[in-house]
Amino acid sequence: DVHVAHSTVKSMSRPTGGESDKPFRQRPAALGFVVMGSAEDAKKILDEGEERSVGETKVIVQAFRRQDEREDGDDSDGSDGSGAAGR
């Protein structure tokens, strides 16, 4: 599964009419989360390296770590291999 959170932003007013007259527009997400089917699948993907291509788009895949895990000063991958995050 891939999860993304698109942003809704206020549109700039333009006198041309059409879609630009809508007060809000959706901005594509810059960060997404990939939920792997198993820890083994996640480990395999992460072991293949960070940089991937999805169609014509370059994607960086990294293990997800909770904020409290990153604050303890340990820069090693503390992931249990159960998920990966892409941006």
Side-chain angles (χ1 to χ4, degrees):
D1 295 333
V2 177
H3 302 272
V4 295
H6 298 297
S7 301
T8 301
V9 296
K10 190 171 183 175
S11 294
M12 303 245 335
S13 176
R14 295 184 183 159
T16 59
E19 270 193 47
S20 62
D21 288 340
K22 294 181 180 179
F24 297 95
R25 64 182 174 85
Q26 196 170 56
R27 176 187 286 170
L31 175 70
F33 293 90
V34 177
V35 180
M36 307 303 286
S38 69
E40 294 81 22
D41 290 343
K43 181 171 178 5
K44 180 181 174 185
I45 293 297
L46 293 169
D47 287 347
E48 291 177 3
E50 283 191 346
E51 193 170 310
R52 313 296 237 136
S53 292
V54 177
E56 298 291 320
T57 304
K58 182 176 119 178
V59 177
I60 304 296
V61 178
Q62 299 172 325
F64 173 80
R65 290 184 299 215
R66 289 188 172 97
Q67 184 71 27
D68 57 348
E69 291 174 357
R70 290 186 287 161
E71 289 177 352
D72 66 8
D74 181 12
D75 288 338
S76 66
D77 182 6
S79 169
D80 64 359
S82 62
R87 60 178 170 170

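This is a predicted model, so every value here is computed, not measured.
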If the condition is side chain to side chain donor-acceptor pair (under 3.5 Å), which residues does Arg25 pass it with, not counting sequence neighbours? none

Using the test side chain to side chain donor-acceptor pair (under 3.5 Å), find all partners of Glu48 that sit at least two apart in sequence or belong to another chain.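 Residues passing side chain to side chain donor-acceptor pair (under 3.5 Å) with Glu48: Arg52.
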
Report the residues that fulfil side chain to side chain contact (heavy atoms under 4.5 Å, CB included) with Glu56, sequence neighbours left out, ordered by chain and then residue number.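 So Glu56 forms no side chain to side chain contact (heavy atoms under 4.5 Å, CB included) with any residue.
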
Measuring from atom CD of Glu40 to atom CD1 of Ile45, what distance do you get when rounded to the nearest 0.5 angstrom? 13.0 Å

Kindly indicate whether the side chain of [X], heavy atoms from C-beta on, has any atom under 4.5 Å from the side chain of [Y].
X: Leu31; Y: Val4; value: no
X: Val61; Y: Leu46; value: yes
X: Gln62; Y: Ile60; value: yes

